[in-house]
There are 2 protein chains.
Amino acid sequence: MDVTISNPLVDRLNHYVELTTAERVVLAGLQAERRKMKAGEQVVVETRASDEMFVLQSGWLYASTVLEGGARQILRIHHPGNIVNVSCLAWSRVAATITSATAAVVSPFHRKALSDIFAHHPRLAALLFGVATMENVALCDRLKSLGRTDGRARIATLLLELLSRRDLTEGQAGADVLDLFLSQSEIADAVGLTKVHVNRLLREMTDTGLIQREGRHVNIPDKAALVAISGFVNRHADLATDWYPTQT
Amino acid sequence: MDVTISNPLVDRLNHYVELTTAERVVLAGLQAERRKMKAGEQVVVETRASDEMFVLQSGWLYASTVLEGGARQILRIHHPGNIVNVSCLAWSRVAATITSATAAVVSPFHRKALSDIFAHHPRLAALLFGVATMENVALCDRLKSLGRTDGRARIATLLLELLSRRDLTEGQAGADVLDLFLSQSEIADAVGLTKVHVNRLLREMTDTGLIQREGRHVNIPDKAALVAISGFVNRHADLATDWYPTQT
DNA sequence: CGTTCCTTTGAAACCAATCAATAATGGTGG
DNA sequence: CCACCATTATTGATTGGTTTCAAAGGAACG
């Protein structure tokens with residue numbers, strides 16, 4: 001097996017399926033270019049024309065939309081190995097602004113590159129479909145969180161979601177310390193609360209010992225307690241692969 | 001062109017791409033079986049094992065999850081031509097209960113049927129990916145609605161979303177009368193409010209002339225007014241198809 | 001023709017938003 | 001290295017949208 005081609009995207013996909021060398025080569029082809037971003041820069045901007053997608057190599061990005069009144073909703077938070085601006089497969093205009101939460105490196109590629117994958121690497125296409133489906137369900141979980149739970153549970157869900165996604169790409173699985181690269185204002189925009197209320201809830205969770213904070217570091221001494229108040233289920237651990245076509 | 005094969009799914013996909021006869025045949029193969037359901041029946045139930053997907057032929061379905069406290073969140077509302085329980089492509093357990101809101105007809109098929117599509121009909125696979133992406137963005141719109149708008153706007157968004165999806169499959173585009181096959185309690189579970197509050201808001205919208213109601217029929221005299229308070233954008237009208245591989 | 005579900009309405013309690021202001025933090029340049 | 005600035009975090013008082021609790025009227029169904 002070819003271990004020379006290794007990067008966050010390959011590692012993540014290889015976690016679900018043993019990738020062939022040919023598949024690794026194709027994935028590497030998507031990541032030929034590299035673009036460095038400082039924290040707070042915008043990768044793509046809502047409503048602007050774009051037919052490019054990006055592989056996130058390092059750092060955190062988030063997708064957001066702004067309402068007329070100026071309020072913002074953060075839709076997703078992206079970790080290394082994620083493909084972002086996938087909505088360009090449906091429209092030639094950007095559906096959500098993508099911003100870097102930290103310094104980051106992205107690899108842009110044209111959506112037509114996927115044409116080749118669908119035509120010649122059906123198993124890889126199926127895998128990408130599977131991953132997209134997984135993120136879809138994760139989105140449904142967030143919908144449940146925003147629609148039917150209170151502030152405490154929403155924040156708990158966010159923390160656990162970030163923890164489980166971090167564990168996918170960085171090998172620190174099990175270590176219940178999270179580097180939270182989001183300001184309280186950004187957390188608020190992610191969970192649908194105000195930054196003031198997020199601050200109060202974080203304070204409360206800190207005071208009651210649910211979490212411990214030191215700057216960016218959030219320590220979660222009792223993950224089960226957070227799961228109890230949020231009903232969180234980890235959607236990213238496994239993936240059904242038995243329906244995939246055989247590799248070419 | 002083969003007009004003998006026509007059904008909601010084919011019609012919907014053909015709206016975006018001129019399907020070949022071969023592609024129509026494959027899609028017809030997914031819909032060989034037919035299962036009739038009464039209103040209120042469950043197609044699949046959360047956490048149970050399942051590796052089947054369904055093409056919705058007629059009627060409305062909705063996907064929902066139940067929280068520990070008994071609260072329910074309706075995640076999506078499905079119209080004829082939709083493929084449901086797609087999450088079985090990621091796991092062998094059902095992610096969300098699917099219930100019929102009306103009498104309905106569904107065509108079950110095993111997820112392995114998609115294997116053949118990915119292997120031999122790459123353009124169709126790409127189209128399915130495009131549609132999935134579209135629904136993904138629609139989900140993000142709902143997230144924005146639940147996270148950052150008040151009850152009035154959420155209900156307006158729901159009505160406009162249902163109207164634009166209805167127009168996709170049923171040829172009544174433009175007619176601003178909606179058959180709303182959801183109880184106020186179900187609307188509440190969809191928009192993240194209580195049924196009592198939904199009732200008050202519907203009453204208010206009726207009293208101020210924003211909508212007119214007669215039983216199931218909801219008439220929307222001024223669609224622009226609803227768009228104004230909700231910021232709704234129709235995501236289903238068009239689809240980028242230029243990146244698809246050539247048909248086989 | 002009763003039962004059941006759905007809709008409607010009222011009053012009180014509550015979670016979260018808003019308004020307002022003060023620490024604390026982090027980065028920058030002199 | 002420290003003063004300075006901008007951003008972020010924190011806290012209080014007040015307001016308001018929504019929920020909860022409670023109950024009655026309508027519509028649908030067998």
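The chains referred to below are lettered A, B, ... by the order of the sequence lines, with proteins before strands, and numbering in each begins at 1.
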Suppose we screen for salt bridge (charged side-chain N to carboxylate O under 4.0 Å, His left out). Which residues come up paired with A/R152, at least two apart in sequence or across chains? A/E204

Quickly work out the B/D189 CG to D/dT19 P distance and round it to whole Å. 11 Å

Nearest non-hydrogen partners of B/N85 and B/S50, listed with the distance: ND2-OG, 3.5 Å

Please list all pairs meeting salt bridge (charged side-chain N to carboxylate O under 4.0 Å, His left out) that have one or both residues in residues 224-235 of chain A, counting only residues at least two apart or in different chains. A/D141-A/R235

Stepwise, does the side-chain hydrogen bond (donor to acceptor under 3.5 Å, both in side chains) test hold for B/S185 with B/R72? CA-CA 10 Å; B/S185 182; B/R72 180 177 64 163; 4.8 Å; no

Partners passing ring pair (Phe, Tyr, Trp, His ring centres under 6.0 Å) against A/F232 (at least two apart in sequence or in another chain): none

Say whether B/S107 and B/Q57, considering side chains only, have a donor N or O and an acceptor N or O under 3.5 Å apart. yes

So which of residues 144-156 of chain B are in contact with DNA chain D, with a heavy-atom cut-off of under 4.0 Å? B/D150, B/G151

Is the centre of the B/W60 ring less than 6.0 Å from the centre of the B/H79 ring? yes

Please list, by residue number, the residues of residues 191-214 of chain B whose heavy atoms come closer than 4.0 Å to an atom of DNA chain D; answer none if no residue qualifies. B/G192, B/L193, B/T194, B/V196, B/H197, B/R200

Restricting to pairs with a member in residues 36-59 of chain B, which pass ring pair (Phe, Tyr, Trp, His ring centres under 6.0 Å), not counting sequence neighbours? none

